[in-house]
Amino acid sequence: MELRSAQQAVLQLLRTVAPADLSALLQWMRTTRDFDELTAENNDVILKSIAEDLRSCLPLETMLSSEHLAIRKLQEQPTPTVHVDAFLYDEDFIDSLCEKGKMSRNYCTVCGSHQTAPLGFISHSFSLMELKFIYHHVLPDLSGKILVDVGSRLGTVLYGGYLYSSAAHLYGVELNGDFCQLQEMVIQKYQFSDRIKVLHADICTQGSLLQNADVIIMNNVFEYFLNEAEQARAWEYISHNVRKQGSLLVTVPSLEESLSGLQTNIQLSSWVEELPLNYDVYPQMDIDREALEQIHLYRIL
Ligand SMILES: C[S@@+](CC[C@H](N)C(=O)[O-])C[C@H]1O[C@@H](n2cnc3c(N)ncnc32)[C@H](O)[C@@H]1O
């Protein structure tokens with residue numbers, strides 16, 4: 001039902017309420033938390049609808065021919081690895097693609113034989129579950145806060161932040177112009193432009209944005225997209241500009257892991273403090289706990 005018809009239906013229903021109960025009912029409608037579940041479910045539906053829109057614009061491997069380095073790095077993995085975007089394709093979706101023969105979870109170790117081994121999977125986006133974990137269990141109330149997603153790609157962190165948080169401004173910075181166009185398409189279609197802004201830029205040109213941010217999200221931003229010298233330079237830039245005391249940095253994987261093997265002068269102990277996270281918040285659900293455990297939260301000292 002569209003908005004106008006839904007409004008008419010609600011008014012019609014209210015006209016049938018016993019006059020003595022009407023004001024109590026209206027008071028309940030203004031204050032109840034009974035609608036929370038309804039809006040939460042609706043937010044999931046909106047994100048799934050965005051994923052459907054994006055799937056129709058992108059190839060199954062969700063990588064663009066302009067991503068030369070990322071494609072080469074994927075091919076150079078020690079075991080055969082494919083990119084499956086976790087926001088666009090959840091486990092059930094992958095199963096159905098495997099059943100239709102459009103995707104495989106295994107590769108043949110001896111050509112022509114039945115000996116197979118599991119393929120490695122990586123995702124360049126957060127899944128719906130990871131987004132909900134971040135906004136519901138990792139970050140505090142973001143009312144009035146500025147959030148920056150470094151390397152916003154399909155924009156998942158921004159749309160999740162729009163729907164699951166009260167952040168005042170959500171900025172995405174993305175090097176790849178094709179992905180910026182896709183994000184703009186979603187922002188227009190779903191009318192997110194009052195709080196989301198995407199910048200087509202190298203994060204290493206966005207000092208003042210980083211200096212003013214209250215929350216910075218970095219999901220495996222550089223490893224697959226920059227060579228080691230560029231990664232070291234980008235991390236130095238981040239550590240010089242993300243300095244607002246008390247601001248929060250969410251990373252995948254940990255800062256220690258991201259920086260290991262890179263030549264930088266970053267002193268983690270004088271820059272950040274890691275805050276513990278509870279990864280057991282969905283005990284009854286069949287979730288990818290390993291993926292959640294890759295998420296780390298730091299407070300800037
Ligand atoms: C792994 S994706 C992260 C996607 C998204 N933040 C999420 O969590 O769903 C990393 C993205 O960072 C972008 N990127 C890499 N280096 C960058 C830089 N220096 N400035 C801006 N974006 C960059 C890449 O083009 C890629 O789209």
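One-based numbering, in listed order, for ligands and for the atoms of each. Position 1 is the first residue of the sequence, and the numbers go up from there.
Atom numbering of ligand 1 starts at 1 in the shown order; those under 4.0 Å from a heavy atom of Val173 are 21 (C), 22 (N). Contact atoms of ligand 1 toward Leu175: 16 (N), 17 (C), 18 (C), 21 (C), 22 (N), 23 (C) (distance under 4.0 Å to a heavy atom of the residue). Taking every non-hydrogen atom of Arg153 and a distance limit under 4.0 Å, the qualifying atoms of ligand 1 come out as 2 (S), 4 (C), 26 (C), 27 (O). Residue contact check: Thr156 has heavy atoms under 4.0 Å from atoms 7 (C), 9 (O) of ligand 1. The atoms of ligand 1 that sit less than 4.0 Å from any heavy atom of Asn220 are 1 (C).
Considering backbone and side-chain N/O atoms, Asn176 never comes within less than 3.5 Å of an N/O atom of ligand 1.
Of the candidates Leu69, Val221, Val150, the one placing a heavy atom closest to atom 15 (C) of ligand 1 is Val221.
Remark: the Tyr159 side chain and the Asn43 side chain contain no N/O donor-acceptor pair separated by less than 3.5 Å.
Across Ala86 and Ser123, no two heavy atoms sit closer than the pair N-OG, 2.9 Å. Closest of all the heavy-atom pairs between Leu275 and Arg299 is CD1-CB, 4.0 Å.
In this structure, the side chain of Asp214 engages the main chain of Ile146 through a donor-acceptor pair within 3.5 Å.
Ring orientation note: the planes of Phe192 and Tyr162 are tilted relative to one another, at an angle of 30° to 60°.
Using a non-hydrogen distance threshold of 4.0 Å, Gly155 does not register as a contact of ligand 1.
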